[in-house]
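Below you'll find the structure, written out as structure tokens, and then a few comments.
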Amino acid sequence: MRIITNKPTTDEFYGQASGTLDITDGGDSSWDFNGHINIPVSDTLACRAIGFNSHDGGYVDVVPADTFAPPEHGSPGNNDAVVDNNQNTYDVYGGRLHALWNPNEKWKLTASFITQASEADGAWETDPYIDDYKLIKFFDEFSDDD
């Protein structure tokens with residue numbers, strides 16, 4: 001797959017922003033915001049900035065349970081430390097900055113900087129023997145990616 005992004009232009013100043021809000025029955029709300037802006041600095045120089053931020057609310061609950069491991073092996077005896085409602089959240093944010101310089105009619109110089117980070121907390125699997133969207137865990141799960 002090849003993704004071709006919009007480049008900055010020295011022709012005009014413009015921008016756009018959008019957002020959404022989603023409601024999950026029995027879970028947390030989710031939202032998404034993004035936008036871009038094109039700024040002509042001069043007749044030969046322009047910048048374009050893009051940003052986004054997204055949050056997926058959780059809907060899986062970790063319910064209380066006891067362990068079978070004996071306390072002499074370091075077991076707390078239960079999972080009270082990780083019991084939580086709607087614990088499976090996902091956040092991602094980032095942006096892109098493009099610069100364009102046209103020193104003359106024959107040359108164009110473009111430069112880009114791109115960044116993104118994401119954080120996932122919790123587990124998405126469920127145990128139908130417990131209840132819908134319920135789970136027993138004895139440790140926190142997470143994933144961070146920059």
Side-chain angles (χ1 to χ4, degrees), residues 1-65 67 69 73-76 78-146:
M1 177 178 6
R2 182 175 179 205
I3 298 173
I4 300 173
T5 60
N6 291 331
K7 305 293 186 269
T9 176
T10 57
D11 296 338
E12 63 180 321
F13 176 87
Y14 63 91
Q16 181 179 352
S18 66
T20 60
L21 175 65
D22 300 311
I23 306 299
T24 303
D25 186 26
D28 291 335
S29 59
S30 302
W31 45 265
D32 178 60
F33 297 105
N34 62 72
H36 67 271
I37 188 167
N38 185 82
I39 304 170
V41 178
S42 70
D43 290 341
T44 61
L45 181 64
C47 293
R48 180 179 172 90
I50 299 95
F52 61 92
N53 193 337
S54 178
H55 170 76
D56 292 340
Y59 56 90
V60 176
D61 300 338
V62 174
V63 297
T67 69
H73 293 290
S75 170
N78 57 48
N79 67 342
D80 289 349
V82 296
V83 169
D84 193 10
N85 289 334
N86 307 328
Q87 51 77 48
N88 61 319
T89 61
Y90 179 68
D91 294 287
V92 61
Y93 59 91
R96 187 171 65 240
L97 181 62
H98 286 279
L100 167 70
W101 180 44
N102 294 329
N104 59 48
E105 290 184 20
K106 293 184 179 184
W107 288 92
K108 285 185 181 182
L109 176 66
T110 59
S112 298
F113 174 77
I114 301 171
T115 184
Q116 178 175 315
S118 65
E119 180 180 308
D121 290 322
W124 276 259
E125 70 267 13
T126 64
D127 189 340
Y129 293 106
I130 300 169
D131 201 355
D132 289 340
Y133 308 113
K134 305 286 187 213
L135 181 64
I136 294 174
K137 288 286 182 178
F138 292 93
F139 56 91
D140 285 324
E141 294 186 30
F142 67 93
S143 173
D144 294 335
D145 189 16
D146 294 329

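Quick caveat, the model's predicted, so the values are computed rather than measured.
A distance of 13.5 Å separates CH2 of Trp101 from SG of Cys47, quoted to the nearest 0.5 Å. A distance of 11.5 Å separates OG1 of Thr67 from CD1 of Ile136, quoted to the nearest 0.5 Å. In this structure, OG on Ser29 lies 8.5 Å from CG on Asp22, to the nearest 0.5 angstrom. The CD atom of Glu119 sits 9.0 Å away from atom OG of Ser143, with the distance rounded to the nearest 0.5 Å. Rounding to the nearest 0.5 Å places OH of Tyr59 at 8.0 Å from OG1 of Thr126. Distance CG/Asn78 to CZ/Phe138: 8.0 Å, rounded to 0.5 Å.
By the side-chain hydrogen bond (donor to acceptor under 3.5 Å, both in side chains) test, Asp56 is found to be paired with no residue, residues two or more places apart in sequence or in another chain being considered. Considering only residues two or more places apart in sequence or on other chains, Asp61 meets the salt bridge (charged side-chain N to carboxylate O under 4.0 Å, His left out) condition with Lys134.
In this structure a side-chain-to-backbone donor-acceptor pair under 3.5 Å is present from Gln87 to Ala123. No donor-acceptor pair under 3.5 Å is formed between the side chain of Asn38 and the backbone N or O of Phe13. Under a 3.5 Å cut-off, the side chain of Asp91 and the backbone N or O of Ser118 do not form any donor-acceptor pair. Asn79 places a side-chain N or O within donor-acceptor distance of the main-chain N or O of Lys137, the cut-off being under 3.5 Å. Using a distance-only test at 3.5 Å, with no hydrogens or angles considered, no donor-acceptor pair links the side chain of Asn102 to the main chain of Asn104.
Using a 4.5 Å cut-off on side-chain heavy atoms (C-beta onward), Gln116 and Ile114 make no contact. Contact check for Thr5 versus His98: side-chain heavy atoms found under the 4.5 Å cut-off. In this structure the side chain of Asn53 reaches within 4.5 angstrom of the side chain of Trp31, judged on heavy atoms. Counting only heavy atoms from C-beta outward, the side chains of Val92 and Phe52 approach each other to under 4.5 Å.
For the residue pair His55/Ser30, the side-chain donor-acceptor check at 3.5 Å is not satisfied.
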Practice item. Take Asn34 and Ser18 through the test side chain to side chain donor-acceptor pair (under 3.5 Å) and record every step on the way to the result. Key: CA-CA 6 Å; Asn34 62 72; Ser18 66; 3.1 Å; yes
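Annotation for Arg48 and His36: closest pair NH2-CD2, 3.5 Å, computed over non-hydrogen atoms. Scanning all heavy atoms of the two residues, the minimum distance from Thr10 to Thr44 falls at CG2-C, 4.0 Å. Closest of all the heavy-atom pairs between Asp32 and Ser54 is OD1-CB, 3.4 Å. Phe142 approaches Asp121 most closely through the heavy-atom pair CB-OD1, 3.6 Å. Across all their heavy atoms, Ile130 and Val63 have their closest contact at CG2-CG2, 4.0 Å. Val60 and Glu125 get closest at one heavy-atom pair: CG1-O, 3.9 Å.
Other residues, nucleotides and ligands contribute only 12 or fewer heavy atoms inside 6.0 Å of the OH atom of Tyr93. For CG of Asp43, the number of neighbouring non-hydrogen atoms (other residues, nucleotides, ligands) closer than 6.0 Å is 12 at most. No more than 12 heavy atoms of other residues, nucleotides or ligands sit less than 6.0 Å from atom OH of Tyr133.
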